[in-house]
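See structure below.
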Amino acid sequence: MSDQQIVRPVPISGFPEWLPEVRTVELHWLDRIRATFERYGFCSIETPSVEALEVLQAKGETSQEVYTLHRLQGEPGDDAARLGLHFDLTVPFARYVAQHFNDLVFPFKRYQTQRVWRGERPQEGRFREFTQCDIDVINPDQVPLHFDAELPRIVHEVLTSLGIPPWTININNRKVLQGFYEGLGLPDPLAVIRAVDKLDKIGAEGVRRLLADDLKLDPGQAGAVLDLASVRGSGTGVVDDIAKLGVSSPLLSTGLDELGFVLEELADLPEGTVVADLSIARGLDYYTGTVYEGKFTDWPGYGSITAGGRYADLAGSFIRRELPGVGLSIGLTRIFAKLVAEGLIEPGAKSPSRVLVVVPSDDRRADAVAAAAALRGRGVNTETYHQADKLGKQIRYASRKGIPYVWFPPFEDGRPHEVKDMASGEQTEADLMTWTPAGA
RNA sequence: GUGGGUGUAGCUCAGUCGGCAGAGCACCUGGUUGUGGUCCAGGGUGUCGGGGGUUCAAGUCCCCUCACUCACCCCA
């Protein structure tokens, strides 16, 4: 120990970890998320952390910072990495569906809660390893629009069940944006979408400048683009507001029909929780219809806590079938870490134990072990203290670990068992075969 | 990847002009060999991120490097 070289334990940036009393809260969250997903009939899958690089790069550009995998003692000449850690769950899901196409029942509705990795520069709310809770529907040829409304409804229910600070899920439709821009005669709708996406960062005037200088829009066009982006609301009145802007195109009509349908389906949700916002676009270019982006109301600068959308054909690079889908992802780590940082997570117990059984003395250790076994046999989480320390020390251990009851086996033959309620300090005789902790 | 900031005890941090390494919290021991929290008395647990340089002397000044952190890009 003395002159041994020690490795300084430093946190690795972007790789969060929690103390037991916080982790236990996260586990409860995961339980609730899973329960809600399953209540809607979605099934669970898990895919490997690793995918072939060509799978990871099949959709979108290589802009995602993929962590590649190779052995420390790699074969010479075999240094070209062929494997990478997945950076989201959508691409692995697409591969999975293509691979197991014949064995799945469609529409395939699945949820998937796993860690993902992105080699980006960490910041508040941006991690290099984090957990996403994805929920997607995929179906050959076409996915009923009904799912575009069901997914935000499910996520709404999940977020509500977590009891987190106020948030809003914003909804938009790419066809509305693209159709509107086409109606305006703009040559590069995707570039306009990317510019509008910066609205909350650089403001309306910043976007106007971007549209005029970089994309060469005339003032009238730029004004119309910004007018559309300012439309917001939860009812179908949104559709009328857009119609009033006097732009038309076939794609725009389709988009407005879809957006109107989704909003109508969600009209019963609490005011302000799910609203249309024509300024959100999502940078990812594979979204083709409905798009979602959820944020905390109190921290608008914090990244999105849930996001997703509809894609026309996600698995097309893996199978000769058209497989459109719609999906939504909950950024569990991003939400949870923020609440931890804000001190809004009420820590749980430091131990799952309900009872600590005291060891009266070395020669009575067997009694303690037997008492603990009896309690466990009746489903009570119980641990035995590890050595015959002074009683004060044993009780102090229970106190510090947040174990609510301390069990005393007899210290002399013929005496009864006793149990101490740590919160009240009260200690009473108790029967091993019938006693149960409060709230069990 | 680009630019700024910060690295001292387990944690939060102080450390003057270059002159013996510090505080609070946490932790350990005892007061209390059958009872926790409170209280009292003790205890410093450290490669001052790492390497090099200047100097009689470096936590302090200079160079390099690493890590963390903030902003940009991008995103859950």
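Note that the structure is a prediction, hence the values are computed from the model and not measured. Per chain, numbering begins at 1; letters A, B, ... match sequence-line order.
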Rounded distance (Å) that lies between atom P of B:U35 and atom CG of A:Leu356: 16 Å
Backbone of A:Gly294 reached by a side-chain donor or acceptor of A:Asn170 within 3.5 Å: no
Return a table of donor-acceptor pairs under 3.5 angstrom between the side chains of residues 362-371 of chain A and protein atoms on other chains or two or more places apart.
residue	atom	partner	partner atom	Å
A:Asp363	OD1	A:Ser361	OG	2.6
A:Arg364	NE	A:Phe411	O	3.1
A:Arg364	NH1	A:Asp413	OD1	3.4
A:Arg364	NH2	A:Asp413	OD1	3.1
A:Arg365	NH2	A:Tyr385	O	3.1
A:Arg365	NH2	A:His386	O	3.1

Base-pairing string, 5' to 3', of RNA chain B - Watson-Crick or wobble, under 3.5 Å, | interstrand: (((((((..((((.....[..))))((((((.......))))).)...(((((..]....))))))))))))....
Crowding at CZ, A:Arg209 (>12 non-hydrogen neighbours, <6.0 Å): no
B:C39 versus B:U47 - spacing of their C1' atoms, nearest Å: 38 Å
Enclosure of A:Arg34 CZ (heavy-atom neighbours >12, cutoff 6.0 Å): no
Interatomic distance, A:Tyr67 OH vs B:G1 C1' [rounded to whole Å]: 13 Å
Spacing between A:Gln123 atom CD and B:G1 atom P, to the nearest angstrom: 15 Å
Six-ring centre of A:Tyr302, A:Lys338 cation under 6.0 angstrom, axis tolerance 45°: yes
Which nucleotide in B:C74, B:G36, B:A76 has an atom nearest any side-chain atom of A:Phe127: B:A76
Spacing of A:Leu177 atom CG and A:Ser279 atom OG [to the nearest 0.5 Å]: 9.0 Å
Gap in Å between the two C1' atoms, one belonging to B:U35 and one to B:G22, rounded: 38 Å
Rounded interatomic separation in angstrom, taking CD from A:Glu26 and C1' from B:A76: 14 Å
Nearest-angstrom distance, P atom, B:U45 to B:A23: 12 Å
Spacing of A:Asp197 atom CG relative to B:C74 atom P, expressed in whole Å: 8 Å
Between P of B:C70 and CD of A:Glu124, the distance in whole Å: 7 Å
Atom-pair distance (NZ on A:Lys350; C1' on B:A26), nearest Å: 11 Å
Euclidean distance for C1', B:G51 against B:U69 (whole angstrom): 23 Å
For A:Glu51, the option from A:Gln57, A:Arg95, A:His86 that meets side chain to side chain donor-acceptor pair (under 3.5 Å): A:Arg95
A:Arg110 charged N/C atom sitting above A:Phe93 aromatic ring, 6.0 Å / 45°: yes
Whole-Å P distance, B:U60 and B:A21: 13 Å
A:Phe130 over B:A76, stacked by centroid distance under 5.5 Å, angle under 30°: yes
List, with names and distances, any nitrogen or oxygen atoms from the protein found under 3.5 Å away from nitrogen or oxygen atoms belonging to nucleotides 29-34 of chain B.
residue	atom	partner	partner atom	Å
B:U29	OP1	A:Lys393	NZ	3.2

For A:Arg310, the option from A:Asn173, A:Thr288, A:Asp148 that meets side chain to side chain donor-acceptor pair (under 3.5 Å): A:Asp148
Whole angstrom value for the distance that separates C1' of B:U35 from CZ of A:Arg400: 16 Å
